[in-house]
Each structure stands twice: as C-alpha cells, then as structure tokens.
Amino acid sequence: MTDLGDALKHIDNDPVIGCVVLTGSGKAFAAGADIKEMQPLEFPGNYTSDMLSHWSAVARARKPIIAAVNGWALGGGNELAMMCDIIYSSESAKFGQPEINLGTIPGAGGTQRLPMAVGKSKAMEMVLTGDPIDAHEAQLYGLVSKVLSAEIATSRYENS
C-alpha cells in the first residue's frame, strides 16, 4: 500500500494523467492485509502507530480512480475497491468482508464505507457472517457500477 500511495502522489502531480485504473491479477483484485503480520499485534500499538494510515492514500487521491475488479475482493481488497470512485467488475468477481472468521472486524474503512454502498442491513449481514456476494448481487446493492465480461473488464482501459 505504501508503493501505491507513492505512485498516486506522483500521478496527482502529473498533468498528463487524467484517471487511474486499479486492477489485480485476475485471481484476486487485492489480497488485503497480511494476517500473519497483524496476528501478534494489539490494539494500543496499532492505534498509536497509526498502522493503517497509508491505506487512505487511495481515498485522498485527487484524480478519479476506477477499480476494475476481476476475481476476489475480500477484506482489505474490498475496502480498497470501496475507496475508489467507481467499481467495475467482471462476472466472476466476489466481494466480502471475512474478518469475522478471524475474530475481528474490517479495519480499513469497511464498517463505514460498506453501509453507505449497500445499506445497513446488507452491510451488517456481510460483516457479521463473512459471506461474500457475487458481482451481480454487488451491482444490485450498489457496490458495483457495472458488471462486464472478464475480457472487457481486464482490457477495456489498458490503452486509455
């Protein structure tokens, strides 16, 4: 996330770049946080070190960011997508907040952004069960703007 934040600072200052398309490998949009790295940490240290402050670089970017989600967007990956201005997804995309399965809750804005995107009841269901939703359900609830075929979702903006 630090590298992404640095890249976005550069992009914000480049007058030639008008928009950013953020995408993943196809299997996953973004893996989210490194759970093994976070497992031994405790709240006071996380809070005082402002551990997740670099995650907000996407939300602070001045240029529009499109999340092109192809594959899994779980936990921090879903939170990253929600920080973007527009979310397009492939038909195979899945969105979710599975942190409850690890005994915790979303920590990078998911508890705030998800209810604004899908409504309180659906957000509570996703956060409290950890169950993911598919691309069409994500569009139905307003999390995703458009569902595209995988070929279009991954290639539509490559030459833009």
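FYI, the numbering just counts along the sequence from 1.
For P132 against L74, the heavy-atom pair with the smallest separation is CB-CD2, 4.2 Å. Residues E99 and G75 come closest through the heavy atom pair OE2-CA, 3.1 Å. Pairing each heavy atom of V21 with each of A68, the nearest pair is CG1-CB, 4.0 Å. Listed here is the closest heavy atom pair of F95 and A135: CE1-CA, 4.2 Å. Taking all atoms of both residues into account, the shortest heavy-atom contact from N70 to S90 is OD1-OG, 2.7 Å. The two residues S145 and Y88 make their nearest non-hydrogen contact at CB-CE2, 3.8 Å.
Residues that satisfy the side chain to side chain contact (heavy atoms under 4.5 Å, CB included) test with A123, not counting sequence neighbours, are L114, P115, V118.
Within the 4.5 Å cutoff, the side chain of R113 has heavy atoms near those of the M83 side chain.
Note on I65: it clusters hydrophobically with I17, by side-chain heavy-atom contacts below 4.5 Å among ILVMFWY residues. I133 and I100 are not part of a single hydrophobic cluster, where members link through side-chain heavy atoms under 4.5 Å apart.
The distance from the CG atom of D6 to the CD1 atom of I11 is 11.0 Å, given to the nearest 0.5 Å. Between L140 atom CG and H136 atom NE2 the span is 11.0 Å, to the nearest 0.5 Å. Note: M126 CE to S121 OG = 12.0 Å, rounded to the nearest 0.5 Å.
Remark: the backbone N or O of V144 is not paired with any side-chain donor or acceptor of Q139 at under 3.5 angstrom. A donor-acceptor pair under 3.5 Å links the side-chain atoms of D12 to the main chain of R62, judged by distance alone.
Few gaps surround NZ on K63; more than 12 heavy atoms of other groups in view lie less than 6.0 Å from it.
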**Request:** Could you walk me through whether S89 and L148 pass the side chain to side chain contact (heavy atoms under 4.5 Å, CB included) test, one step at a time?
**Result:** CA-CA 6 Å; S89 80; L148 308 165; over 6 Å; no
**Message:** Would M116 and M82 count as a side chain to side chain contact (heavy atoms under 4.5 Å, CB included) here? Give the steps.
**Reply:** CA-CA 10 Å; M116 289 189 291; M82 289 188 290; over 6 Å; no
**Test side chain to side chain contact (heavy atoms under 4.5 Å, CB included) applied to I87 and L143, step by step** = CA-CA 7 Å; I87 302 174; L143 180 61; 4.2 Å; yes
**Item:** Criterion side chain to side chain contact (heavy atoms under 4.5 Å, CB included) on V20 and L8, from CA distance to verdict
**Value:** CA-CA 9 Å; V20 175; L8 289 172; 4.2 Å; yes
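Exactly one of D131, N78, T129, L128 qualifies for a side chain to side chain contact (heavy atoms under 4.5 Å, CB included) with Q97. That residue is N78.
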